[in-house]
**Q** 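Handing you this structure, nothing more for now.
In what follows, every heavy atom counts, from backbone to side chain, and hydrogens, waters and symmetry copies are set aside.
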Amino acid sequence: MQTSRRSFLTAALGTLATVPLLARDFGKNAEPVRYPEPDVIALTDAFKKIKIGNAAIERLHTGMRWAEGPAWSGPGQYLMWSDIPNNAQMRYLPEDNHVSVLRKPSNYGNGNTFDPQGRQVTCEHETRRVVRYEANGTVTVLAETYGGKPFNAPNDIVVHPDGGVWFSDPGYGALFEYEGKKQPLELKEAVYRIDPATAKIEMVTDALFKPNGLCFSPDYKKLYICDTGATHYPQAPKNIQIFDVSADARKISNGREYISMKMSMASAVSLFGDPHWRYDVDKDGNVAGLADGIRCDTAGNIWVGSGWVGPGYDGVQIFSPDGERIGQILLPEICANICFGGPRRNRLFMAASQSLYAVYVEATGAHFC
């Protein structure tokens with residue numbers, strides 16, 4: 001039997017050792033990277049089937065202050081994302097790699113997504129609300145208060161196939177002028193759902209310290225929530241929790257830890273080989289960063305934008321459905337949020353601090369955005 005080119009490239013990952021690049025140049029005139037991509041790392045055999053042997057990490061754009069909330073428009077075939085401190089939304093057109101400003105000002109928008117009708121839905125920090133951009137250019141306010149009090153600063157957002165809009169409200173945009181407007185938090189940090197029929201807003205959970213990234217499982221029966229509360233609460237875990245979604249897709253229950261973001265310092269250093277970096281190591285020899293934005297592929301693997309540790313950790317970490325760390329995509333910057341895009345939803349876009357990166361993978365995004 002003749003071996004296909006793709007089969008050969010995939011098999012090669014199991015036999016060729018790759019060494020992560022310490023001082024990688026992502027500049028316009030940088031030397032090309034020798035395949036297989038050294039900074040996409042398979043930690044288990046499962047990820048060897050996902051890593052593509054002849055696909056490199058690309059830096060598509062740089063110059064932002066804090067890139068967040070990438071979202072892929074299926075009807076428009078473009079990627080948009082937020083540059084929060086610059087009070088702008090950006091747009092990337094893959095056919096010619098053109099980047100332009102989509103909206104400015106954006107009310108310091110953070111998380112974005114698209115609903116089943118192709119309308120963009122955004123969490124705004126400055127106005128403390130969730131809005132939807134209609135086809136005619138008008139803006140519909142979906143949520144701005146709960147129990148008579150303004151939200152803290154809505155952060156991340158996902159839309160269920162039934163039209164329900166789920167969003168987190170950790171309040172980061174109200175803590176500093178840099179990413180919104182400094183003002184008191186009047187509500188306990190929580191996750192909310194907007195009912196598509198009645199527009200009623202219900203609190204889904206306030207069990208996490210600072211709920212951040214949100215993602216449904218492929219069948220929408222589970223909800224994953226990142227807790228970044230360690231930024232302000234010393235007792236907060238650095239983890240992702242998983243909840244069961246009710247049959248009517250209105251409530252969640254049975255919250256428990258899906259994964260801890262801990263990794264041994266030895267593993268992090270072996271991946272990127274920088275023992276001189278100032279790692280914050282716990283008594284057990286582990287480092288732990290924050291899980292910010294998350295997405296799910298059709299196989300149920302969870303892709304996590306992560307960082308605040310250093311080389312060998314920062315970038316994207318990939319976990320199997322049962323919580324095993326199976327792969328990493330190492331970036332030279334902290335990765336805040338990610339999404340799958342492209343016509344086949346097999347291109348991973350990564351909003352990482354000052355830059356936008358992308359890499360093709362042998363995985364497909366589970367959802368329409």
Side-chain angles (χ1 to χ4, degrees), residues 26-27 59-73 78-93 98-113 120-131 133 139 141 143-144 150-157 167-185 189 210-214 226 228-232 289-294 304-310 314-316 331-339 349-358:
F26 278 99
R59 188 170 73 177
L60 304 178
H61 186 67
T62 193
M64 286 84 68
R65 288 199 167 94
W66 183 249
E68 265 280 11
W72 177 260
S73 170
Y78 65 83
L79 181 88
M80 63 79 52
W81 74 97
S82 299
D83 182 358
I84 305 175
N86 279 323
N87 196 16
Q89 294 175 359
M90 308 297 293
R91 177 172 53 190
Y92 167 75
L93 301 178
H98 180 72
V99 174
S100 60
V101 175
L102 178 63
R103 290 184 184 87
K104 186 177 176 68
S106 65
N107 292 325
Y108 291 84
N110 185 347
N112 307 283
T113 191
Q120 181 187 325
V121 187
T122 294
C123 293
E124 295 182 345
H125 277 177
E126 185 176 43
T127 59
R128 307 170 86 158
R129 64 186 189 179
V130 176
V131 301
Y133 296 94
V139 178
V141 177
E144 56 185 342
F151 289 109
N152 300 318
N155 192 290
D156 199 17
I157 191 164
F167 66 95
S168 62
D169 187 33
Y172 288 112
L175 299 177
F176 311 99
E177 295 289 344
Y178 187 60
E179 290 190 17
K181 185 177 181 181
K182 189 173 182 178
Q183 46 200 328
L185 304 188
E189 297 95 325
K210 280 191 177 293
N212 199 318
L214 305 174
C226 298
T228 55
T231 58
H232 290 79
L290 297 176
D292 194 334
I294 50 176
V304 184
S306 55
W308 304 102
V309 169
D314 297 352
V316 178
L331 298 175
E333 304 180 67
I334 293 163
C335 185
N337 223 311
I338 57 179
C339 80
F349 292 96
M350 299 165 278
S353 302
Q354 299 171 70
S355 305
L356 176 70
Y357 297 88

**Q** If you round to the nearest 0.5 Å, how far is SG of Cys339 from CZ of Phe349?
**A** 6.5 Å

**Q** Do Asp292 and Trp308 come within less than 4.5 Å of each other through their side chains, counting heavy atoms only?
**A** no

**Q** Is it true that the side chains of Asn212 and Asp156 contain a donor and an acceptor less than 3.5 Å apart?
**A** no

**Q** Should Lys182 and Glu177 count as an ion pair when the cut-off is N to O under 4.0 Å?
**A** no

**Q** Tell me whether Arg65 forms a cation-pi arrangement with Tyr178, defined as NZ or CZ under 6.0 Å from the six-membered ring centre and within 45 degrees of its axis.
**A** no

**Q** State whether Arg129 and Glu124 are salt-bridged, where the test is any N-O pair (Lys NZ or Arg NE/NH1/NH2 against Asp/Glu carboxylate O) under 4.0 Å.
**A** yes

**Q** Contact between Phe26 and Tyr357 at the side-chain level, heavy atoms closer than 4.5 Å - yes or no?
**A** yes

**Q** State whether a side-chain donor-acceptor pair under 3.5 Å links Thr122 with Gln120.
**A** yes

**Q** Shortest non-hydrogen contact from Asn152 to Asp169?
**A** N-OD2, 2.9 Å

**Q** Does a side-chain heavy-atom distance below 4.5 Å link Glu179 with Glu68?
**A** no

**Q** Do you know the tightest heavy-atom contact between Ala291 and Cys226?
**A** O-CB, 3.0 Å

**Q** In terms of ring plane angle, is the pair Tyr172 and His232 parallel, tilted or perpendicular, where the classes change at 30° and 60°?
**A** tilted

**Q** Grab the two heavy atoms, one from Ile157 and one from Cys123, that are nearest each other, plus how far apart they are.
**A** CB-SG, 3.7 Å

**Q** If you look at every heavy atom in Pro70 and Leu79, which pair is closest and at what distance?
**A** CB-CD1, 4.1 Å

**Q** Side-chain contact test, heavy atoms from C-beta onward, threshold under 4.5 Å: evaluate it for Met90 versus Tyr92 and give yes or no.
**A** no

**Q** Would you name the heavy atoms of Val121 and Val130 that are closest together and state the gap between them?
**A** CG1-CG1, 3.9 Å

**Q** To check you understand the geometry: which heavy-atom pair defines the closest contact between Pro154 and Arg128, and what is its length?
**A** CD-C, 3.6 Å

